[in-house]
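A short write-up of the structure that comes next.
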Amino acid sequence: MFASSAGMLNRHQKQVHALDGIDLDIYEQETLGIVGESGCGKTTLGRTIIGLIAPTSGQILFDGQDLVNASKDAKKSFNREIQMVFQNPYTSFDPRFTIIKCVSEPLKIHTNLRGAALTKRARELLEQVGMPGEILHRYAHEFSGGQLQRIAIARALALNPKIIVLDEPTSALDVSVQAQIINLLQDLQRQFKLTYLFISHDLSVVQHISNRVTVMYLGKIVEQNTSEAIFEGQAHHPYTQALLSAMPSVVKELRRKQIILEGSVPDAANPPKGCNFHPRCPVAMPICSIAEPVLDNSGAGHPVACFVVNPIEKSTDEMIQ
Amino acid sequence: MQRLDYILKRMVMAIFVLISVSILTFFIARVVPSNPAAAWVGPHPTKEQIEKATLELGLDKPLYVQYQRYMQDLLSGDLGTSVRTHQPILSDIKTFLPATLELVFVGMLIAVLIGIPLGVLSGAFKGSWLDHFTRLISIAGVSMPVFLLGLLLQLLFFRQLGLLPLGARVSTEVALFHPVTPITRMYLIDSAVTGNWTAFKDASIHLILPALALATYPIALAIRMTRSTMIEVLNEKYIMAARISGIRERSVLFILALKNAIVPTLNALGLAFVYSLTGAILIEIIFSWPGLGTYVTNAVLGVDFPVIVSVTLIMTVFYIAINLILDILQAFIDPRVIIG
Amino acid sequence: MNAPLLAIEDLHVHFNTYAGTVRAVNGVSFEIRSGEMFGLVGESGCGKTVTGLAIMRAIPSPGRIMKGRIFFQGEDLITKSESEMRDIRGGRIAMIFQDPTASLNPVFTAGYQISLQITQHRHVSKKEAKQLAFDMFSEVGLPHAKSIYNTYPHELSGGMQQRVMIAMALASGAELLIADEPTTALDVTIQAQILALLSQLRESEGLTILLITHDLGVVAETCDRVAVTYDGHIVESGTVDDVLYQTKHPYTQGLLAALPDTVRHKQSLEVIKGSVPDGLHSVSGCSFHPRCPKVMDICLDQPPSLIIVGEKEHSASCYLYMEETA
Amino acid sequence: MTTVAPDLEIPIEDIKAGKRVTEYHLMWWAFRRDPLAVLSLVILLGFILGAIFAPNLTPYPEQGRGDPNLLEKFSPPNQGHLLGTDYLGRDVLTRILYGGRSSLAIGFLVVIVAVLIGVPLGAISGYYGGWIDNLVMRITDIFLAFPPLLLAIALASALGASFTNTMIAISFTWWPWYTRLVRAQTLSLRERYFIEAARSIGVPSWKIITSHVLPNVMTPVMVQATMDLGGAILVGAAVSFIGLGVQPPLADWGQMVSIGRIYFIERPWYAGSAGLAIFLVTLAFNLLGDAVRDAADPHTRRVVDVGR
C-alpha cells in the first residue's frame, strides 16, 4: 500500500512561526522562568537554546559567542555547558540501558573517563541527587517518576554545565514529589553555581523557583519582570493578569478576582493580525487588531508588549503601516 | 474541499507509482537479463532472431531511448508477441484475464463475507471459544500452501465424495451443447445475461472449489487484521467512555467500534486482493483454469519472457487501481485520514 | 442538611495481578449531598479514579469490588443488575475524564455522539434529539451549536472537546456528574473556563458534582466539601474550609506544605519523606506511619478509623485525635 | 465487562532480590509457559536437524541427491519407505529431508537479506525524516505496488531459474516491509525524550541509531521475522511450484508438489507429504511468531511495574 502519512506532495505546508522575534537575556546563576500555555513556544525555545532545533534566523550568544553559526568543535563544547532535563521522566531513559549507561553517556562523548573512573563518577553523580550508588546496574523501569527525574538531573550534571534548561521537570510528578525535586534543584543551584532556564505552565512553581519571569503567548514574549513583582501585583499585561487570576490556589490571599478569557489559544500556523492576544483580550482597543505591540519599558517600568500599558504617542501611523 | 484535495493527491501518487513501476519492469525486461534480446525471442534463438530483436527493441541505443520506445509501445497497447502462441500478448491477455478476474472476485467476495465478520466477533469476544476457533482457522489459513489446499479439496470433493468437478471452467457437455456466448468472458455474468442457466449452474459448480481454495488465505488475513484492530479499538478510551455512559453493547461494537476498525481492515482487503491475484496463478494450475495464471505458468515453462513481464505489469496496474479505490474509500469513512 | 445523594460505605476494590493483590481502594466511605460539589483529592495511585469507576460499576478487567455498598438515592448500586446499571450509567450518573481528545470517538461527529447518547436514554425522535443536542451545546457554552453538531472531534480545541463531553454527560439528565481530573490536560485559562462552567451548571441545573483531582488549589476554589485519600482510604474529610485551613491529618498538612505557593519565594518546601505505597505491599497499622513526622507507637500496628475531629463532621483517621474525642 | 484472564506467575522474587531482569528475561519466561510455542520450536528443530543430518539419517542418501531407483516406482508407504516412493522410485521421506535444505535455506536467507536491507533503511528514514524519508518511502511504495509473487517470478525468470536467483528475487520483494515497520517504530521512538537527550548531549546520529534506535526496534522486528520465515518458505515453494527455483535432480518441496500433483488423485502420498512439510514448517513459524509477540507484549505478559 502506498498510503504513507507525509507524502512528498505535502511539502507546501505553511511555515509555522513557533517563535517570533524572541529577545531574551539569562544572567549567570539566576533562574529565569518561562511561563505560558500550550502552543506559546516555551518548549521550542528550550529546544532551540539547547541546539535541538536550528532557528530560522537570529542569534544565541553564550558568553558572547554565537551558538547557531558556531563551528562543529565549538558546538561540541557548548554541548557541555548547556544541559536539559525533560518533562516526562518515564521516556527520558532508554529502556534497554542500565542507569550507569544512561548517566555516563555524556561522559563517554565528552571526556576520556572510562572503566572504574567512569563508574566512580556516575556513582558520585547519583549520590549528589540523593540516589544510592547501588542502583547503577538497574533499569529505568524499576524506578518511580520522582526517582527518574533525580537520575535525569544527575545526567544533566555530569559535564559540570553552566546552564540547565528545565522543561516542565515536575509536571508529571505528584505534589509531594514535586516539592522534593524543587528543593533538590535549589540546593544544586547553590552548590554548583548553576543557571536555570525553568520552563513551566504552572505559575506557582515558576514563581517559587525563579528570579525573573518571562510570560509568553503564541510565540512571543508579552511581559518580563522579577518574580516577586509579577506575583505581588505588578503584572501589567492583560494576559499575565488573566493567567494569574486563573491559577487556583489554596492560599486565600492569592485568590484574585477571576478573569475568564474567552476561547482558546489560536493556531500558531495562522496567528491573528496585530497583537496575537487581541481576540481574547478583555481590554482590547481598535489598534490592537491592526498593529503589533513591541516589548517596551515606558509604561510600566519593565518590558510589556501591550498598547494599553504603553500608549502610543509617537509614530502611530508608522506602526499602523 | 479537503477531501477532494486528498483524492487528487492520491491519484497523483498512483500515477507516480505507475510510472515508477513501468521503469522497474523496463529494467527487469531490458537490463537484468544477461542477454535481453535472447530473452525476448525465447529459447534456442538463432543469431538472426537476436539481431532482429536487438534492432526492434533498440537495444543498441542508450537506455533512455529504449525506455521511451518501451513506453510508446506500452501506451499504444503493444505488449510484444508471445514466443509460444505467436499472438500479440495483449489479445492473449484479453482472452485469459476475465477467467482470472471471475475467480478472484468470487474468492474475494467469500473472503470479505466470511473473514471480516469473523474477525470482528473474534476481536470483540477475545478469549471465547469462537475466538480460539477463529484464530486456529486463521493461523492455519496463512500457513497453508494454496496448491496443497487445492489438491486436498480435489481429493475430498472429487475423488472421495464425487460431489464436485476436478477442474476447468465448465464441463465438456456444456462447452459443446450450451456454449457461453462470450460478452465479458466472465461465464457467470455472460450466462446470466444470455439466460443460459444450464451453463450458469455448471460454471458455478466449477467455481466452488478453486474459489474456496483461493479465498482461504485472504479469509485468514482478513480475520487476523480485523481482529487485531478490533481489539485495539475496543481498548480505546472513547469505547470505555461510551460504555460508561450506558450505550448498548450492540451499538458499541457494531457502530462505535466497527467504524474505527474498518479503515485498517480496508488495508487488509488491499493485501487480500493481491494475495488472491498471485494465489490465482497457483490455483489455476491445479484446477486447469484457463486464466492468466495458467498463461504465465506456461510462459515460465516455455521461457516466454515477454509474456511474464507483461502479465506482471498488468496485474500490478490492477493492484494499484484497487489500492487507489480503497484509499479514497477511507477518506469517506475516517475524517482524520484526510489531514493525516 | 440534605439527605445524601450518594453514600459510599466501606468500599474495597482489589486488582488481582500476577504480583499479588493490589488493594486500590481499601475501605473508602463518604457521602455526597444533593447539589454540592464534592472534592475527592489525592496523589496518583491513591485510588481516587478507581472509586469513581466503582460508582459506575465499571472497574477494568483484573479489578473487582470486593466489599462495600454504594447507595445512590437510597438504592444500593452493587445489587443492581447489569441492565439496570446501563440505565443508570449516563442516565442518572455521568462521568467525564481527564483527556477529552481520547474520550471522543474520532470518526463520528460531535452531534452523532450526543444524539446516540440522548436516544439511548430518552424516548425521543431523532429530530427532538437533535434539538436537545443544540440546547445542550449552548448550555455548556459552545457557540454555533449547529456547526458544532456536524464537527468531528479533531476539529475542536481541548476546551471545546471537554465542553462536548460535559454536554454529552448531561444530555440524558444525569443528576450526579463524576468529573475525573476534568481539567488536568487543559491549559490554565481553559481550566478556569471549565471550572466556571461546572459551577454554573451546578447553580442552574442543581447538578451534584464529584470532582476527582490531585490539585488542592482547584478544590479550594470550587468545592464545598472534600475528602483526602491516601493508599486507598480516606484520611481526612469535611468542609473545604475545615480540611484546608483547620487541617488535622499529618498527610493533609504535608500536602499543603509541599505546595509552592504556600511557601515564601525561593525557600525550601516542606517535604513528605518517602513515597506513596504501591497498594501491593500492605503497610501495617496506619499506612501513612512510615512517612509521618508525628508517628507514635500505636500507629504501627492498628489502622486508625475515621473519627469526628471538629465541627460540621470534620473527620480524620489519626491517633493524634483519638484521645481528645474518646 | 471483560473476563478476567488467569493470573500468571512471574519471577517477582527475582525482581525483588535485585537480580537483573531485562526485557529478554521476561520474554523468555513468558515464552516457556506457552505450550504451542514449545511445540512449534520442537517441530522446527526436527526439520532443521533433519535437513542438516539428512545423509546420516536416511538409508538412501544417494536418492536424496537425485539418483533414480526405477524398480520401486510409486510404491505406497511401507516399512522400507515410510512415506512411499516417487515417480523415479526414490524414498519420499529422504527427498523431504533433503528438500528441507533448500526450503529452509530460502526462508532464512530471504528474511536475513530483507532484515539487513530493510531495518537500517527504515531506521535512517524514520530518524532523519525530510527528503531522505520521502525518497526511501517512495521507493518502498514502488516495490509494494507489485504483487510480490509476480515480481519474484519476473525477476527470477529474467535472472534464470536457480536457487540463488529465486532467493534474490524473493528478497527483492520483501525488504520494504521491514523498512515500513522499522520506520514507524522509529517515528514513535523519536517522540520519546531519551533520543532528544542523547542528541542534546551531542551523541552523533549514527551512534543514536545504532545504540538507541535499533535495539529498541528489535522486538517487533523479531516477531515479524519469525512469521516471515514461514511466509518466505511459502513464496519460495510457490516459485518452485511454478518451475523456477531449485531444479531437479535436487530436491525441493515446492518442486515435489509441482511434479506430484499430476499423480495426486491416485497417489497422494508424494505431493501430499511435501505439501504437508511446507504447511507444518510455515505453521510452526507462524505460531512461534505469535508466541514471541505475546511474550513481548507486557499486556499479555501482564507485567506491572513494581517500582511505581
Side-chain angles (χ1 to χ4, degrees), chain B residues 13-14 16-18 20-21 23-25 28-29 31-34 36 39 126-128 135 139-140 142-152 154-155 158-159 166 235 243 249 274-275 277-279 281-282 285-286 296-297 299-301 303 305 308-309 311-313 315-316 318-320 323, chain D residues 1-3 5 36 138-139 141-161 227 230-231 233-235 237-239 241-244 253-254 257-258 260-261 264-266 268 271-272 274-287 289-290 299:
Chain B
M13 283 289 280
F16 161 81
V17 172
L18 270 178
S20 316
V21 159
I23 295 175
L24 198 63
T25 35
I28 292 173
V31 183
V32 176
S34 50
K126 195 180 152 200
S128 66
R135 287 185 77 185
I139 207 156
V142 290
S143 309
M144 175 64 82
V146 65
F147 40 79
L148 177 66
L149 184 68
L151 291 173
L152 292 175
Q154 285 178 338
L155 192 64
F158 172 74
R159 170 76 199 230
L166 188 60
N235 275 326
R243 282 176 171 159
E249 192 62 14
V274 74
Y275 280 110
L277 270 186
T278 48
I281 300 175
L282 307 167
I285 304 170
I286 301 281
V296 83
T297 315
V300 168
L301 295 175
V303 202
F305 191 54
I308 297 169
V309 176
V311 173
T312 305
L313 192 65
M315 287 209 178
T316 305
F318 260 93
Y319 181 36
I320 292 172
N323 268 327
Chain D
M1 281 169 197
T2 19
T3 50
L36 274 180
R138 294 299 78 77
I139 294 175
D141 280 350
I142 299 163
F143 280 91
L144 295 178
F146 284 96
L149 180 62
L150 270 169
L151 184 58
I153 290 173
L155 252 179
S157 50
L159 293 165
M227 296 198 177
I233 287 174
L234 220 49
V235 174
V239 174
F241 178 79
I242 285 168
L244 295 160
W253 294 342
V257 183
S258 178
R261 76 183 163 87
F264 183 75
I265 293 299
E266 301 307 319
L276 209 62
I278 301 171
F279 174 63
L280 274 180
V281 169
T282 312
L283 184 71
F285 276 124
N286 274 318
L287 287 172
D290 258 8
H299 292 295

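In the text below, chain A, chain B and the rest are named by the order of the sequence lines, each starting its count at 1.
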(message) If I measure from the heavy atoms of chain B, does Leu234(D) come under 4.5 Å with its side chain, its backbone, both, or neither?
(response) side chain
(message) Measuring from atom OG of Ser143(B) to atom CD1 of Ile278(D), what distance do you get when rounded to the nearest 0.5 angstrom?
(response) 12.0 Å
(request) State, with a plain yes or no, whether a side-chain heavy atom of Ile153(D) is found less than 4.5 Å away from one of Thr312(B). (result) no
(message) Do Leu301(B) and Ile242(D) have side chains that approach each other closer than 4.5 Å (heavy atoms only, starting at C-beta)?
(response) no
(message) Looking at every heavy atom in both Phe147(B) and Val257(D), which two are closest together, and how far apart are they?
(response) CD1-CG1, 3.6 Å
(message) Measuring from atom CE of Met144(B) to atom CG of Asn286(D), what distance do you get when rounded to the nearest 0.5 angstrom?
(response) 12.5 Å
(request) Report the distance from atom OG1 of Thr278(B) to atom CG of Leu151(D), rounding to the nearest 0.5 Å. (result) 11.5 Å
(message) If you compare all heavy atoms of Ile308(B) against all heavy atoms of Ala154(D), which two are closest, and at what distance to 0.1 Å?
(response) CG2-CA, 3.7 Å
(message) Rounded to the nearest 0.5 Å, what separates atom CD1 in Ile142(D) from atom OG1 in Thr316(B)?
(response) 12.0 Å
(message) Quick check for you: to the nearest 0.5 Å, what is the distance between Leu150(D) atom CG and Thr25(B) atom OG1?
(response) 12.0 Å
(message) For the interface with chain D, which of Leu151(B), Thr297(B), Ile286(B), Val142(B) has the highest count of heavy-atom pairs at distances below 4.5 Å?
(response) Leu151(B)
(message) Counting heavy-atom pairs under 4.5 Å with chain D, which one of Ile281(B), Val303(B), Ile285(B), Val274(B) comes out on top?
(response) Ile285(B)
(request) Tell me, out of Ala29(B), Pro33(B), Gly279(B), who's got the most heavy-atom pairs with chain D below 4.5 Å. (result) Pro33(B)
(message) Need one label for Leu149(B): side chain, backbone, both or neither, based on atoms under 4.5 Å from any heavy atom in chain D.
(response) neither
(request) Name the region of Val21(B), side chain, backbone, both or neither, that has any atom closer than 4.5 Å to a heavy atom of chain D. (result) both
(request) Write down the atom of Gly275(D), the atom of Pro145(B), and the distance for their closest heavy-atom approach. (result) O-CG, 3.9 Å
(request) Look at Val309(B), Val146(B), Val32(B) and state which one has the largest set of heavy-atom pairs under 4.5 Å with chain D. (result) Val32(B)
(request) Tell me, for Phe146(D) versus chain B, whether the close heavy atoms (under 4.5 Å) come from the side chain, the backbone, both or neither. (result) both
(message) At a heavy-atom distance under 4.5 Å, which candidate from Phe143(D), Phe285(D), Phe241(D) has the highest pair count against chain B?
(response) Phe241(D)
(request) Measure distances from Ile233(D) to the heavy atoms of chain B and classify the residue's part below 4.5 Å as side chain, backbone, both or neither. (result) neither
(request) First locate atom CD1 of Ile139(B), then atom CG of Asp290(D), and finally report the distance between them rounded to the nearest 0.5 Å. (result) 4.0 Å
(message) If we define contacts as heavy-atom pairs under 4.5 Å, which of Gly230(D), Ser258(D), Ala238(D) has the most with chain B?
(response) Ala238(D)
(request) Answer yes or no: is there a side-chain heavy-atom contact under 4.5 Å between Arg261(D) and Gln154(B)? (result) no
(message) Need one label for Leu166(B): side chain, backbone, both or neither, based on atoms under 4.5 Å from any heavy atom in chain D.
(response) side chain
